[in-house]
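Naming convention: chains lettered A, B, ... in sequence-line order (proteins, then strands); numbering from 1 in each chain.
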2 protein chains.
Amino acid sequence: MAGGKAKSAARAPRLWVLILAAQRESQRMLSEALRPLGITPAQGEVLSVLSSHPPLTLNALGERLVCETGSPSRLVSGLVRLGWVRRSPAPGDGRAVLLTLTGGGHRLATRCLTVTGELEAELVALAEAPAPVEASALDITLRTLWRLVSHLPAGRALKRRAGKG
Amino acid sequence: MAGGKAKSAARAPRLWVLILAAQRESQRMLSEALRPLGITPAQGEVLSVLSSHPPLTLNALGERLVCETGSPSRLVSGLVRLGWVRRSPAPGDGRAVLLTLTGGGHRLATRCLTVTGELEAELVALAEAPAPVEASALDITLRTLWRLVSHLPAGRALKRRAGKG
DNA sequence: ACATCATATATGACATATCATGGAATTACT
DNA sequence: AGTAATTCCATGATATGTCATATATGATGT
(Lines give C-alpha, C1' and ligand atoms only; values in the text may rest on other atoms or scores of the structure.)
Protein backbone atom coordinates (compact mmCIF):
# COMPACT_ATOMS: atom_id res chain seq x y z
CA MET A 1 0.00 0.00 0.00
CA ALA A 2 0.96 3.60 -0.41
CA GLY A 3 1.13 4.20 3.32
CA GLY A 4 3.95 1.77 3.79
CA LYS A 5 5.95 3.39 1.07
CA ALA A 6 5.43 6.89 2.37
CA LYS A 7 6.45 5.85 5.83
CA SER A 8 9.61 4.13 4.69
CA ALA A 9 10.71 7.40 3.10
CA ALA A 10 11.36 8.66 6.59
CA ARG A 11 14.32 6.37 7.13
CA ALA A 12 15.45 5.54 3.60
CA PRO A 13 18.30 7.55 2.19
CA ARG A 14 16.57 10.79 1.59
CA LEU A 15 16.12 12.48 -1.71
CA TRP A 16 18.27 15.38 -0.73
CA VAL A 17 21.11 13.18 0.44
CA LEU A 18 21.00 11.25 -2.80
CA ILE A 19 21.00 14.48 -4.76
CA LEU A 20 23.99 15.66 -2.78
CA ALA A 21 25.78 12.38 -3.28
CA ALA A 22 25.10 12.38 -7.00
CA GLN A 23 26.31 15.94 -7.31
CA ARG A 24 29.51 15.30 -5.39
CA GLU A 25 30.38 12.26 -7.45
CA SER A 26 29.51 13.71 -10.83
CA GLN A 27 31.43 16.83 -9.90
CA ARG A 28 34.47 14.72 -9.07
CA MET A 29 34.20 12.78 -12.29
CA LEU A 30 33.78 15.88 -14.40
CA SER A 31 36.57 17.64 -12.57
CA GLU A 32 38.85 14.72 -13.36
CA ALA A 33 37.75 14.53 -16.98
CA LEU A 34 38.34 18.23 -17.57
CA ARG A 35 41.72 18.32 -15.88
CA PRO A 36 43.61 17.55 -19.11
CA LEU A 37 41.90 20.58 -20.63
CA GLY A 38 43.06 22.77 -17.78
CA ILE A 39 39.62 23.95 -16.78
CA THR A 40 37.21 23.35 -13.92
CA PRO A 41 33.59 22.23 -14.24
CA ALA A 42 32.38 25.76 -13.59
CA GLN A 43 34.67 27.16 -16.26
CA GLY A 44 33.46 24.44 -18.59
CA GLU A 45 29.90 25.51 -18.03
CA VAL A 46 30.78 29.06 -19.01
CA LEU A 47 32.52 27.91 -22.17
CA SER A 48 29.58 25.70 -23.10
CA VAL A 49 27.07 28.49 -22.63
CA LEU A 50 29.16 31.02 -24.51
CA SER A 51 29.77 28.64 -27.38
CA SER A 52 26.09 28.31 -28.13
CA HIS A 53 24.92 31.83 -27.48
CA PRO A 54 25.38 35.20 -29.04
CA PRO A 55 27.73 37.44 -27.10
CA LEU A 56 26.35 37.70 -23.60
CA THR A 57 26.79 40.31 -20.95
CA LEU A 58 28.11 39.15 -17.63
CA ASN A 59 24.67 39.43 -16.18
CA ALA A 60 23.02 37.46 -18.97
CA LEU A 61 25.66 34.78 -18.60
CA GLY A 62 25.01 34.57 -14.89
CA GLU A 63 21.32 34.09 -15.60
CA ARG A 64 22.20 31.01 -17.64
CA LEU A 65 24.56 29.34 -15.22
CA VAL A 66 23.71 26.76 -12.64
CA CYS A 67 27.13 26.58 -11.07
CA GLU A 68 26.95 30.02 -9.56
CA THR A 69 24.39 32.64 -8.62
CA GLY A 70 25.02 36.34 -8.93
CA SER A 71 27.34 37.71 -11.56
CA PRO A 72 30.21 35.36 -12.39
CA SER A 73 32.74 38.14 -12.57
CA ARG A 74 35.65 36.24 -11.10
CA LEU A 75 34.80 33.04 -12.90
CA VAL A 76 35.05 34.92 -16.18
CA SER A 77 38.22 36.70 -15.09
CA GLY A 78 39.92 33.35 -14.84
CA LEU A 79 38.92 32.43 -18.36
CA VAL A 80 40.05 35.81 -19.65
CA ARG A 81 43.40 35.31 -17.97
CA LEU A 82 43.67 31.92 -19.67
CA GLY A 83 42.91 33.53 -23.00
CA TRP A 84 39.66 31.69 -23.73
CA VAL A 85 37.24 34.57 -23.26
CA ARG A 86 37.37 38.18 -24.36
CA ARG A 87 35.69 41.06 -22.58
CA SER A 88 34.60 43.89 -24.83
CA PRO A 89 32.59 47.01 -24.10
CA ALA A 90 28.93 46.63 -24.90
CA PRO A 91 27.83 49.03 -27.61
CA GLY A 92 25.09 51.24 -26.27
CA ASP A 93 25.70 50.52 -22.61
CA GLY A 94 28.81 51.79 -20.96
CA ARG A 95 28.30 49.65 -17.89
CA ALA A 96 27.91 46.30 -19.55
CA VAL A 97 30.59 43.99 -20.85
CA LEU A 98 30.15 41.64 -23.77
CA LEU A 99 31.72 38.22 -23.47
CA THR A 100 32.87 36.28 -26.49
CA LEU A 101 35.03 33.22 -26.93
CA THR A 102 38.42 33.65 -28.53
CA GLY A 103 39.43 31.29 -31.33
CA GLY A 104 41.16 29.04 -28.86
CA GLY A 105 38.19 29.38 -26.57
CA HIS A 106 35.91 28.03 -29.27
CA ARG A 107 38.17 25.08 -29.89
CA LEU A 108 38.42 24.41 -26.17
CA ALA A 109 34.65 24.69 -25.78
CA THR A 110 34.24 22.03 -28.44
CA ARG A 111 36.59 19.72 -26.63
CA CYS A 112 34.79 20.52 -23.42
CA LEU A 113 31.44 19.58 -24.93
CA THR A 114 32.94 16.28 -26.04
CA VAL A 115 34.22 15.56 -22.57
CA THR A 116 30.90 16.55 -21.06
CA GLY A 117 29.09 14.27 -23.46
CA GLU A 118 31.33 11.38 -22.52
CA LEU A 119 30.75 12.03 -18.84
CA GLU A 120 27.04 12.16 -19.47
CA ALA A 121 27.22 8.76 -21.12
CA GLU A 122 29.19 7.46 -18.16
CA LEU A 123 26.63 8.79 -15.71
CA VAL A 124 23.78 7.41 -17.76
CA ALA A 125 25.46 4.02 -17.80
CA LEU A 126 25.74 4.15 -14.03
CA ALA A 127 22.15 5.27 -13.61
CA GLU A 128 20.47 3.13 -16.19
CA ALA A 129 18.13 0.52 -14.79
CA PRO A 130 18.91 -3.04 -15.84
CA ALA A 131 15.26 -3.79 -16.50
CA PRO A 132 11.94 -2.00 -16.72
CA VAL A 133 10.56 -1.11 -13.34
CA GLU A 134 7.14 -0.35 -12.06
CA ALA A 135 6.90 2.20 -9.33
CA SER A 136 6.13 5.82 -8.75
CA ALA A 137 8.26 8.38 -10.52
CA LEU A 138 9.78 9.40 -7.23
CA ASP A 139 10.68 5.85 -6.26
CA ILE A 140 12.25 5.38 -9.64
CA THR A 141 14.21 8.57 -9.23
CA LEU A 142 15.47 7.54 -5.82
CA ARG A 143 16.51 4.17 -7.14
CA THR A 144 18.14 5.69 -10.16
CA LEU A 145 20.15 8.12 -8.07
CA TRP A 146 21.03 5.27 -5.78
CA ARG A 147 22.29 3.17 -8.66
CA LEU A 148 24.31 6.15 -9.73
CA VAL A 149 26.11 6.62 -6.45
CA SER A 150 25.85 3.29 -4.70
CA HIS A 151 29.32 2.04 -5.53
CA LEU A 152 31.02 5.41 -5.41
CA PRO A 153 32.52 6.92 -2.26
CA ALA A 154 29.46 8.98 -1.44
CA GLY A 155 27.27 5.93 -1.82
CA ARG A 156 29.53 3.84 0.34
CA ALA A 157 29.27 6.53 2.99
CA LEU A 158 25.51 6.12 2.91
CA LYS A 159 25.84 2.35 3.16
CA ARG A 160 28.07 2.59 6.19
CA ARG A 161 25.67 4.99 7.73
CA ALA A 162 22.75 2.66 7.13
CA GLY A 163 24.73 -0.21 8.59
CA LYS A 164 24.00 0.89 12.12
CA GLY A 165 20.76 2.85 11.66
CA MET B 1 18.14 2.07 -32.01
CA ALA B 2 19.70 3.70 -29.02
CA GLY B 3 21.37 6.22 -31.29
CA GLY B 4 18.26 8.31 -31.57
CA LYS B 5 18.08 8.72 -27.86
CA ALA B 6 21.78 9.25 -27.48
CA LYS B 7 21.69 12.01 -30.04
CA SER B 8 18.89 13.88 -28.35
CA ALA B 9 20.83 13.75 -25.12
CA ALA B 10 23.25 16.17 -26.71
CA ARG B 11 20.85 19.07 -26.45
CA ALA B 12 18.52 18.13 -23.63
CA PRO B 13 19.40 19.35 -20.16
CA ARG B 14 21.95 16.81 -19.15
CA LEU B 15 21.71 14.56 -16.18
CA TRP B 16 24.69 16.11 -14.53
CA VAL B 17 23.34 19.62 -14.96
CA LEU B 18 20.05 18.61 -13.46
CA ILE B 19 21.83 16.94 -10.58
CA LEU B 20 23.85 20.09 -10.01
CA ALA B 21 20.74 22.25 -10.18
CA ALA B 22 18.88 20.02 -7.77
CA GLN B 23 21.78 20.04 -5.36
CA ARG B 24 22.17 23.81 -5.46
CA GLU B 25 18.50 24.41 -4.83
CA SER B 26 18.05 21.82 -2.13
CA GLN B 27 21.19 23.10 -0.48
CA ARG B 28 19.77 26.61 -0.48
CA MET B 29 16.48 25.44 0.93
CA LEU B 30 18.10 23.38 3.66
CA SER B 31 20.52 26.16 4.48
CA GLU B 32 17.60 28.50 4.94
CA ALA B 33 15.62 26.00 6.98
CA LEU B 34 18.53 25.33 9.33
CA ARG B 35 19.44 28.96 9.81
CA PRO B 36 17.14 29.36 12.85
CA LEU B 37 19.01 26.46 14.43
CA GLY B 38 22.33 28.18 13.84
CA ILE B 39 23.88 25.35 11.87
CA THR B 40 24.79 24.67 8.26
CA PRO B 41 23.66 21.68 6.20
CA ALA B 42 27.05 20.03 6.63
CA GLN B 43 26.93 20.50 10.39
CA GLY B 44 23.42 19.11 10.34
CA GLU B 45 24.64 16.00 8.59
CA VAL B 46 27.22 15.47 11.31
CA LEU B 47 24.64 15.87 14.05
CA SER B 48 22.29 13.47 12.29
CA VAL B 49 24.95 10.82 11.89
CA LEU B 50 26.21 11.17 15.43
CA SER B 51 22.70 11.02 16.85
CA SER B 52 22.06 7.59 15.41
CA HIS B 53 25.45 5.97 15.88
CA PRO B 54 27.60 4.86 18.72
CA PRO B 55 30.48 7.20 19.43
CA LEU B 56 32.46 7.47 16.24
CA THR B 57 36.02 8.39 15.60
CA LEU B 58 36.66 11.28 13.27
CA ASN B 59 37.66 8.85 10.60
CA ALA B 60 34.56 6.70 10.99
CA LEU B 61 32.42 9.80 10.89
CA GLY B 62 34.08 10.92 7.68
CA GLU B 63 33.34 7.55 6.15
CA ARG B 64 29.64 8.17 6.80
CA LEU B 65 29.40 11.69 5.46
CA VAL B 66 28.43 12.72 1.99
CA CYS B 67 29.03 16.41 2.47
CA GLU B 68 32.76 16.09 2.73
CA THR B 69 35.53 13.68 1.87
CA GLY B 70 38.56 13.13 4.03
CA SER B 71 38.44 13.64 7.75
CA PRO B 72 35.97 16.31 8.80
CA SER B 73 38.28 17.76 11.39
CA ARG B 74 37.34 21.39 10.95
CA LEU B 75 33.67 20.63 10.48
CA VAL B 76 33.70 18.93 13.87
CA SER B 77 35.75 21.71 15.41
CA GLY B 78 32.98 24.13 14.65
CA LEU B 79 30.42 21.92 16.37
CA VAL B 80 32.71 21.50 19.37
CA ARG B 81 33.09 25.26 19.58
CA LEU B 82 29.31 25.59 19.51
CA GLY B 83 29.04 23.07 22.31
CA TRP B 84 27.11 20.40 20.43
CA VAL B 85 29.86 17.80 20.10
CA ARG B 86 32.43 16.53 22.55
CA ARG B 87 35.83 15.17 21.62
CA SER B 88 37.19 12.54 23.96
CA PRO B 89 40.27 10.36 23.72
CA ALA B 90 39.58 6.95 22.29
CA PRO B 91 40.35 4.19 24.80
CA GLY B 92 43.00 1.93 23.38
CA ASP B 93 44.18 4.25 20.66
CA GLY B 94 46.01 7.40 21.56
CA ARG B 95 45.67 8.80 18.07
CA ALA B 96 41.95 8.51 17.67
CA VAL B 97 39.27 10.80 18.99
CA LEU B 98 35.78 9.72 19.94
CA LEU B 99 32.95 12.04 19.04
CA THR B 100 29.76 12.20 21.03
CA LEU B 101 26.87 14.61 21.16
CA THR B 102 26.42 16.74 24.23
CA GLY B 103 22.99 16.98 25.81
CA GLY B 104 22.27 20.12 23.85
CA GLY B 105 23.70 18.44 20.80
CA HIS B 106 21.19 15.65 21.10
CA ARG B 107 18.32 18.06 21.39
CA LEU B 108 19.59 20.08 18.47
CA ALA B 109 20.03 16.93 16.40
CA THR B 110 16.41 16.08 17.04
CA ARG B 111 15.29 19.46 15.87
CA CYS B 112 17.61 19.12 12.90
CA LEU B 113 16.04 15.82 11.93
CA THR B 114 12.64 17.44 12.09
CA VAL B 115 13.74 20.26 9.82
CA THR B 116 15.38 17.79 7.46
CA GLY B 117 12.20 15.76 7.33
CA GLU B 118 10.19 18.84 6.50
CA LEU B 119 12.59 19.78 3.76
CA GLU B 120 12.40 16.26 2.41
CA ALA B 121 8.62 16.57 2.25
CA GLU B 122 8.98 19.87 0.46
CA LEU B 123 11.37 18.41 -2.08
CA VAL B 124 9.15 15.41 -2.60
CA ALA B 125 6.19 17.70 -3.19
CA LEU B 126 8.20 19.54 -5.81
CA ALA B 127 9.41 16.36 -7.43
CA GLU B 128 6.25 14.31 -7.28
CA ALA B 129 4.72 13.56 -10.64
CA PRO B 130 1.10 14.64 -11.00
CA ALA B 131 0.16 11.38 -12.67
CA PRO B 132 1.62 7.97 -13.42
CA VAL B 133 4.07 8.06 -16.28
CA GLU B 134 5.41 5.48 -18.64
CA ALA B 135 8.98 5.88 -19.68
CA SER B 136 12.43 4.56 -18.91
CA ALA B 137 13.74 4.96 -15.41
CA LEU B 138 16.26 7.47 -16.63
CA ASP B 139 13.68 9.56 -18.45
CA ILE B 140 11.57 9.54 -15.36
CA THR B 141 14.52 10.61 -13.28
CA LEU B 142 15.35 13.47 -15.60
CA ARG B 143 11.76 14.62 -15.58
CA THR B 144 11.55 14.31 -11.84
CA LEU B 145 14.67 16.36 -11.30
CA TRP B 146 13.36 18.84 -13.83
CA ARG B 147 10.10 19.17 -11.97
CA LEU B 148 12.11 19.72 -8.85
CA VAL B 149 14.16 22.60 -10.18
CA SER B 150 12.19 24.00 -13.08
CA HIS B 151 10.65 26.91 -11.26
CA LEU B 152 13.63 27.59 -9.03
CA PRO B 153 16.51 29.89 -9.95
CA ALA B 154 18.72 27.09 -11.22
CA GLY B 155 15.90 25.79 -13.38
CA ARG B 156 15.18 29.23 -14.75
CA ALA B 157 18.83 29.49 -15.70
CA LEU B 158 18.46 26.30 -17.70
CA LYS B 159 15.32 27.63 -19.37
CA ARG B 160 17.05 30.82 -20.42
CA ARG B 161 19.92 28.82 -21.73
CA ALA B 162 17.62 26.63 -23.79
CA GLY B 163 15.85 29.69 -25.11
CA LYS B 164 18.56 30.40 -27.63
CA GLY B 165 20.11 26.97 -28.19
C1' DA C 1 64.59 -2.94 21.57
C1' DC C 2 64.75 -0.68 17.16
C1' DA C 3 63.81 0.77 12.65
C1' DT C 4 60.24 1.13 9.40
C1' DC C 5 55.82 1.72 7.80
C1' DA C 6 50.91 2.71 8.32
C1' DT C 7 47.13 5.19 10.61
C1' DA C 8 44.56 9.25 13.01
C1' DT C 9 44.22 13.80 13.42
C1' DA C 10 45.23 18.63 12.79
C1' DT C 11 46.53 22.38 9.97
C1' DG C 12 48.23 25.30 6.01
C1' DA C 13 47.28 26.42 1.30
C1' DC C 14 44.29 26.94 -2.44
C1' DA C 15 40.08 27.18 -5.26
C1' DT C 16 35.24 28.01 -5.07
C1' DA C 17 30.61 29.96 -3.77
C1' DT C 18 27.99 33.33 -1.40
C1' DC C 19 27.15 37.82 0.56
C1' DA C 20 27.93 42.64 1.08
C1' DT C 21 30.06 46.99 -0.57
C1' DG C 22 31.33 50.55 -3.85
C1' DG C 23 31.94 52.96 -8.22
C1' DA C 24 30.32 53.95 -12.83
C1' DA C 25 26.67 54.37 -16.19
C1' DT C 26 21.85 54.36 -17.45
C1' DT C 27 16.99 55.23 -16.70
C1' DA C 28 13.02 57.49 -14.64
C1' DC C 29 10.89 61.34 -12.85
C1' DT C 30 10.03 66.30 -12.07
C1' DA D 1 18.35 69.98 -17.23
C1' DG D 2 18.82 67.86 -12.84
C1' DT D 3 18.13 64.69 -9.23
C1' DA D 4 17.05 60.13 -7.56
C1' DA D 5 16.74 55.40 -8.26
C1' DT D 6 18.28 51.48 -10.69
C1' DT D 7 21.39 48.52 -13.18
C1' DC D 8 26.00 46.53 -14.26
C1' DC D 9 30.24 45.24 -12.90
C1' DA D 10 34.31 44.66 -9.83
C1' DT D 11 36.11 43.58 -5.41
C1' DG D 12 36.60 42.58 -0.37
C1' DA D 13 35.17 39.42 3.22
C1' DT D 14 33.68 35.04 4.78
C1' DA D 15 32.56 30.12 4.75
C1' DT D 16 33.21 25.81 2.54
C1' DG D 17 35.46 21.86 0.35
C1' DT D 18 39.74 19.70 -1.35
C1' DC D 19 44.54 18.69 -1.41
C1' DA D 20 48.97 18.35 0.64
C1' DT D 21 51.80 18.36 4.65
C1' DA D 22 53.17 17.75 9.56
C1' DT D 23 52.99 15.39 13.97
C1' DA D 24 51.99 11.86 16.99
C1' DT D 25 50.61 7.17 17.87
C1' DG D 26 50.21 2.37 16.71
C1' DA D 27 51.65 -1.84 14.17
C1' DT D 28 55.11 -4.76 11.92
C1' DG D 29 59.29 -7.18 11.30
C1' DT D 30 64.00 -8.15 12.49
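Atoms SG and CG, from A/C112 and A/L47 in turn, are 5.5 Å apart once rounded to the nearest 0.5 Å.
C/dA10 atom C1' lies 15 Å from atom CG of B/L61, rounded to whole Å. Counting to the nearest Å, the P atom of D/dC9 and the CG atom of A/L56 are 11 Å from each other. As rounded to whole Å, 16 Å separates atom P of D/dT18 from atom CE of A/M29. Rounded to whole Å, atom P of C/dA15 lies 12 Å from atom CG of A/L82. D/dT18 atom P lies 17 Å from atom CG of A/L34, rounded to whole Å.
Within the helix from C/dA1-D/dT30 to C/dT30-D/dA1, the inter-axis angle between the opening and closing five-pair segments is 10°, rounded to 10°.
In this structure, the side chain of B/E68 does not engage the main chain of B/G62 through any donor-acceptor pair within 3.5 Å. The backbone N or O of B/G83 sits less than 3.5 Å from a side-chain atom of B/T102, completing a donor-acceptor pair. Without hydrogens or angle criteria, A/E45 side chain to A/V66 main chain gives a donor-acceptor distance under 3.5 Å.
Residue B/G70 is out of contact with every strand shown, counting any heavy-atom pair closer than 4.0 Å.
Residues B/W146 and A/L18 share a single hydrophobic cluster, defined by chaining ILVMFWY side chains whose heavy atoms lie under 4.5 Å apart.
Of all heavy-atom pairs between A/L56 and A/R64, the closest is CD1-CD, 3.9 Å. Between B/L145 and B/A22, the shortest heavy-atom distance links the atoms CD2-CB, 4.1 Å. In plain terms, the two heavy atoms of B/T141 and A/I140 that are nearest each other are OG1-O, 4.0 Å.
For the residue pair B/T144 / B/R147, a side-chain donor-acceptor distance below 3.5 Å is found, with atom types taken as modelled.
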Please tabulate, one pair per line, each protein N/O and nucleotide N/O from nucleotides 17-20 of chain C that are separated by under 3.5 Å, including the distance.
from   : atom 1 : to    : atom 2 : distance (Å)
C/dT18 : OP1    : B/R28 : NH1    : 3.2
C/dT18 : OP2    : A/T69 : N      : 3.1

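Residue B/S77 is the one, among B/S77 and A/G92, whose nearest nucleotide of DNA chain C lies closer to the 5' end (criterion: closest heavy atom).
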Tell me, with the steps shown, if A/R87 and A/S77 meet side-chain hydrogen bond (donor to acceptor under 3.5 Å, both in side chains).
CA-CA 9 Å; A/R87 278 191 234 245; A/S77 291; 2.5 Å; yes
side-chain hydrogen bond (donor to acceptor under 3.5 Å, both in side chains), that's the test. Do A/T114 and A/R111 meet it? Break it down for me.
CA-CA 5 Å; A/T114 302; A/R111 292 176 62 199; over 6 Å; no
Once base and sugar-phosphate atoms are separated, protein heavy atoms under 4.0 Å mark nucleotides 1-9 of chain C, 5' to 3', with B, S and - as ------BSS
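An OP1 or OP2 oxygen of C/dA15 is reached within less than 4.0 angstrom by no side-chain nitrogen or oxygen of A/T40.
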